[in-house]
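What follows is a single structure, written as structure tokens, with notes after it.
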Amino acid sequence: MHDDTALTIGRVKRVLEERIRPAIHSASVPLFIEAHELPGEPISPTDGLALEFAPAQLGAPWGAAWGTTWFRLTGQVPAEWAGRRVEALIDLGFDVNMTGFQCEALAYLPDGTPVKSLNPRNQWVPIADAAEGEELVEFFLEAASNPVLLDYHPFLPTQEGDILTSSKDKLYRARRMDLAVFEPEVFELALDLEVLFELQAELPATSPRRMRILQALDNALDELDLQRIVETASDARAQLVEVLDSPADASAHRISAIGHAHIDSAWLWPLRETVRKVARTSSSMTALLEEQPDFKYGMSSAQQYAWLKEHRPEVFERVKAAVAEGRFLPLGGMWVESDTVMPTGESLVRQFSHGQRFFEREFGIRSKGVWLPDSFGYSPALPQLMRRAGFEWFFTQKISWNQQNVFPHHTFLWEGIDGSQMFTHFPPMDTYNSQLSGMEVAKASRQFKENRVATRSIAPVGWGDGGGGTTREMVGRAARMKDLEGSAKVEWEHPDTFFDAAKAELPNPAVWVGELYLELHRGTLTSQHGTKSRHRWAEHALVEAELWATTDAVRNGAAYPQEELDALWQQVLLHEFHDILPGTSIAWVHREAVSVLEDVISRARAISAAARASLAGAGERELVFSPVSVAGPAPLGATVAAAAPEAVTLEDSGDGIVLANGLVTLRISNEGLVVSAVDHATGREAVAEGKAANLLQLHQDFPNMWDAWDIDRYYRNRVTDLRETTGISSRIVDGAAEVVIERAFSQSTITQTLTLAPGSRTLHIVNDIDWHETEKLLKLAFPLDVQAAHTEAETQFGYQSRVTHTNTSWEAAKFETSMHRWVMVREDDFGVALVNDSIYGYDTTRDVDGDSVTTTVRLSLLRAPRFPDPDSDHGRHVIATGMVIGAGPAEATRAGIELNAPATVVRGGQDVAPLVTVQGKGIIVSGVKMADDGSGDVIVRVYESLGRRTTGTITADFQHSELREVSLIEDPLEDARTGGELRLRPFEVRTVRIVR
């Protein structure tokens, strides 16, 4: 028999594309078009429906960037269409390859009922399942003219990313606005052919199954009259019944599909547009649920549900009804799909608590798992936090984006820094936007790493990032692949169902220990410092506000501002979304983020100031309010200011400046570089011989793609050391030695203020930078005379160790890594830590000179990518850093805390006893607050910070009945520990409820 495979493939492709799909809608008539373009921001649907409309022409330009045009469409169903399904076909100027990234619309009935969304892959609106004929049709479109920013030539700088700079030119021309007859049998034929055609492409070239499918496809097209497709579609479908009914192999991979849209809470669109994206997608998904009884749809992010409730209550009610039916599934249990690398531990706790509280309050449910498909790497503290918040599983797929190494598991246990383990799954499709194509389904089956011992994986199905969700075509594909020979078995399932089955069939999964490092998007630790700095300061300001407001409430009976604190936290949590805090959104998003977070900081500090004033009372004594405690008796209250320790000396030696305070001696060269830093206790020199610390280095930074996201390894090949100064001065200020160094380079300037205070081992370095670079990366280098096998960098509730060598490709890929408030290198008896108040990225190299091995640590200060914000970080930035000489984990932790949460001096007349006192080596109080449930109980969270077992006590200095351990989100625990005794494992977090 001759091989006609290529002929059949070409035949099916052309007939399907050029004849069958266009015939899904047969007869059509045009709609009458009226429009009203808004002059400014979006308005409510009620106001939109009440607008005055003017006639508009099909094909006329509409919609400037970020604008809104309301369309009123009217028409009449022809009498001869009686009994037929009628739909409106709307093409607003769509590009099918830009779903979620260009214009979109939401259709409304005249009474304000939302119908469904319109986007490039979903261009229809239902009018009548069975038309009566001659009925009048009227509906409205709220159309958003969002500009395409990630175009066919991606990553080009553009001013379209901010309404303040975007063009006023109209971007789109509508191509079609018609009523049309929907032909269901042609639609089903198209899906039959598509599924089989894609399946055969994945089968072995000459396998019997593939050959049978190809013959069936030929047979079907032989029966199809291309001039009478509607009339002959059923005959064609009959030729496909046998191959579609052939069941899957007993050992076929099982795919648990879940409808999905992954709506980025902000990215290439502002937050206000995400509100509408959520409304559009949710309207379509609730409509699809009504039409497709087997379909299930999942949406994460309590914030997105809250937006619906506030701004689109008519959509929220439909969602709420579908949630009650168990088919619209709130996923993830978090306020947003946040970054997990940079937020503090307290922030991640609030992500869980605010997310779960919202889901329980609105829907009466809790999420069992954490759903984070797209965040840029995952902190090794996360397994413990998920476990202690009550979660049972974790889902992501982002690690499949690794540049170099292929992750060895898809279903496994992930172990964190404290030893906690979380059952985890990565979908082997390597996507969170599956279309259930034959290629994707085959890839899942073929790539699944656990094929020897397990049978199933998850597929999030739908158009995502910019929303859109699942389509009826995807649902149709799933129905055909439920039990189809040669394919994996596909079934719509709740992720909880999948994880229960996966755990049952894989009782002893492999274990991955430590961070889930993404070998990509390393620049997200540095991009948009304006957003990052305000976020860090807001986190600390809110924790401090809770402490003093709680103290004031317990001591003085003051009202605790729970509602305001919740609102402020939710703003911070929103801006932890994985395209906001990482610095990868458009200029509009970051402009607003800085403004919102500055308001949070101001309001949180006002809460603290009012509470401190109330506690201190009238008087002129200087009282020191310390907002945090570090290992040992915990102040968490106010004490009288202590006397200063030994004075600092400052000497100009001719070839530089010498600073000393009895603990350390530092030499600053005439170039403003630290050429010596000696620890008096050990006699050790911290700076590598012949090298200089505090060296600013400027790199060219032009990655291959993903500008704001990526730093590519070759950036190191070109570097400029910034040694020239425009001025150096020194003085004693308030007992501290201060050296001011001024530099100018390229288009920017920097003033560094180096300060050594009495009694301090830390050389504080404040970098005041006026930054106007493009495609540059600014580093601050510290070559240290320390032979370090590891770096230790703070993460949530502890620190993580990373080797300094590059023996394997896994270590070599980590050429830019994360920290929180400090990073440290050390030998057994000596270490040096670098602390900061607002940055997250650093790199480490081992330097060999003869027999000597030293370690260079460089802090990443600023970047200047040009996409998606062409003016990223231009302007002034103040970045506080510090070099702690003679440090271990305890000293690094203390210095990092003191830099980020300094004590405040208040004048008053009365001592303020601490609410709680914690004793125990390495035990840190992370937060003190009133309980979320409004009971008046006090919540105290502590953690072990040094990576060792410890014991201690927690004592409450107010009337109470019990101290009882609770979950991270303050739920009761079975067999909860009671009393004030603390026994903590390395990096263990403990939350205690003090019952009043």
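Not measured: the values here are computed from a predicted model. Just so it is clear, the values below take in all heavy atoms, side chains as well, and ignore hydrogens, waters and symmetry mates.
- Listed by first and then second residue, the salt bridge (charged side-chain N to carboxylate O under 4.0 Å, His left out) pairs that reach into residues 704-718 are R716-D843, sequence neighbours excluded.
- With T844 contributing its side chain and T804 its backbone, the two residues share no donor-acceptor pair below 3.5 Å.
- Judged by distance alone, the side chains of H578 and D374 do bring a donor and an acceptor atom under 3.5 Å apart.
- Classification of the H521-W706 ring pair by plane angle, with boundaries at 30° and 60°, yields perpendicular.
- The two atoms that bring M883 and A677 nearest to each other are CE-CB, 4.0 Å, heavy atoms only.
- Under the side-chain contact (heavy atoms from CB on, under 4.5 Å) criterion, S676 pairs with R667, V678, E685, not counting sequence neighbours.
- Evaluation of the salt bridge (charged side-chain N to carboxylate O under 4.0 Å, His left out) test over residues 515-532, restricted to residues two or more places apart or in two chains, returns E515-R802, E515-K814.
- For residues 770-806, every residue pair satisfying the ring pair (Phe, Tyr, Trp, His ring centres under 6.0 Å) rule, not counting sequence neighbours, is listed here: H772-H874, F797-Y943, Y799-W822, Y799-F987.
- Taking the side-chain contact (heavy atoms from CB on, under 4.5 Å) definition, one finds that S669 meets it with E671, L673, V675, sequence neighbours left out.
- Every residue two or more places apart in sequence or in another chain was checked for a side-chain contact (heavy atoms from CB on, under 4.5 Å) with S595, and none qualifies.
- Residues satisfying the salt bridge (Lys or Arg N to Asp or Glu O under 4.0 Å) criterion with D95, sequence neighbours excluded, are absent altogether.
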What do the steps show when you test F577 against D264 for side-chain contact (heavy atoms from CB on, under 4.5 Å), and what is the final call? CA-CA 8 Å; F577 177 72; D264 285 318; 3.2 Å; yes
For side-chain contact (heavy atoms from CB on, under 4.5 Å), just list the numbers for T749 and E742, CA-CA rounded to whole Å, side-chain angles, deciding distance to a tenth of an Å, and then say yes or no. CA-CA 8 Å; T749 61; E742 297 176 349; over 6 Å; no
Show, in sequence, the C-alpha distance, side-chain angles and deciding distance for T881 and N836, and conclude whether the side-chain hydrogen bond (donor to acceptor under 3.5 Å, both in side chains) test is met. CA-CA 4 Å; T881 57; N836 75 86; over 6 Å; no
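- Using modelled atom types, one finds no donor on one side chain facing an acceptor on the other under 3.5 Å when comparing N405 with Y517.
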What's the verdict on side-chain hydrogen bond (donor to acceptor under 3.5 Å, both in side chains) for S809 and Q404, showing C-alpha distance, side-chain angles and the deciding distance? CA-CA 7 Å; S809 59; Q404 189 164 2; 4.5 Å; no
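- In this structure, CG in L784 is found 7.0 Å from OG1 in T856, a value given to the nearest 0.5 Å.
- Using modelled atom types, no side-chain atom of T725 and backbone atom of I741 make a donor-acceptor pair closer than 3.5 Å.
- Two residues are said to be in side-chain contact when any heavy atoms from C-beta on lie closer than 4.5 Å; Y432 and D465 meet this criterion.
- Side chains of Y842 and L834 form no contact here, defined as non-hydrogen atoms less than 4.5 Å apart.
- S860 has its side chain within reach of E816: a pair of non-hydrogen atoms, C-beta onward, lies under 4.5 Å apart.
- Between the OG atom of S585 and the CG atom of D579 there is a distance of 5.0 Å, given to the nearest 0.5 Å.
- Looking only at side-chain heavy atoms (C-beta outward), W269 and W66 come within less than 4.5 Å of each other.
- In this structure, D768 pairs ionically with R876, as a charged nitrogen and a carboxylate oxygen lie closer than 4.0 Å.
- How far CG of L695 is from CG of L780: 8.0 Å, rounded to the nearest 0.5 Å.
- Judged by distance alone, with hydrogens and angles left aside, the side-chain atoms of T584 form no donor-acceptor pair with the main-chain N or O of I580 at under 3.5 Å.
- Using bins of under 30°, 30° to 60° and over 60° for the plane-to-plane angle, the ring pair F815/Y715 lands in the tilted bin.
- Note that CZ of R743 and CG of L696 are 6.0 Å apart. Values are rounded to the nearest 0.5 Å.
- By the 4.5 Å heavy-atom criterion applied to side chains, T720 and L722 are counted as neighbours.
- For the pair T762/L899, no side-chain contact is recorded, criterion being any heavy-atom separation below 4.5 Å from C-beta on.
- A side-chain donor-acceptor contact under 3.5 Å links R536 to the backbone of I839.
- Closest approach of S265 and L574 over heavy atoms only: CB-CD1, 4.4 Å.
- Smallest separation of non-hydrogen atoms from S347 and V572: OG-CG1, 4.5 Å.
- Heavy-atom minimum distance, S375 versus S338: OG-O, 2.7 Å.
- L861 CG to L778 CG: the interatomic distance, rounded to the nearest 0.5 Å, is 5.0 Å.
- Partners of E773 by salt bridge (Lys or Arg N to Asp or Glu O under 4.0 Å), not counting sequence neighbours: none found.
- Counting heavy atoms from C-beta outward, P703 and F155 have side chains that stay 4.5 Å or more apart.
- Between the side chains of D655 and S653, at least one donor-acceptor pair of N or O atoms lies under 3.5 Å.
- At most 12 heavy atoms of other shown residues, nucleotides or ligands fall within 6.0 angstrom of atom CG in D849.
- A side-chain donor-acceptor contact under 3.5 Å links E891 to the backbone of G888.
- A side-chain N or O of S379 and one of T795 form a donor-acceptor pair less than 3.5 Å apart.
- A salt bridge links K443 with D430: the distance from a Lys NZ or Arg NE/NH1/NH2 to an Asp or Glu carboxylate oxygen falls below 4.0 Å.
- Between F407 and W810, the ring planes are perpendicular. Angles over 60° get that label, and only those under 30° would be called parallel.
- Taking CD of E651 as the reference point, atom CG of L659 lies at 10.0 Å (rounded to 0.5 Å).
- If you run side-chain hydrogen bond (donor to acceptor under 3.5 Å, both in side chains) between H535 and each of E576, Q528, H575, only E576 comes through.
- Residues N694 and L763 are not in side-chain contact: their nearest non-hydrogen atoms beyond the backbone lie 4.5 Å or more apart.
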side-chain contact (heavy atoms from CB on, under 4.5 Å) between L666 and V674, worked out: CA-CA 7 Å; L666 298 111; V674 178; 4.2 Å; yes
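- With sequence neighbours left out, H590 forms a side-chain hydrogen bond (donor to acceptor under 3.5 Å, both in side chains) with T531.
- Among residue pairs with one or both ends in residues 150-164, those qualifying as salt bridge (charged side-chain N to carboxylate O under 4.0 Å, His left out) are D162-R591; sequence neighbours excluded.
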Step-by-step side-chain contact (heavy atoms from CB on, under 4.5 Å) determination, K776 to Q747: CA-CA 11 Å; K776 294 290 192 293; Q747 305 300 311; over 6 Å; no
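- Counting only residues at least two apart or in different chains, salt bridge (charged side-chain N to carboxylate O under 4.0 Å, His left out) contacts with residues 688-702 comprise D701-R863.
- In this structure, the side-chain contact (heavy atoms from CB on, under 4.5 Å) partners of L663, at least two apart in sequence or on a different chain, are N661, R761.
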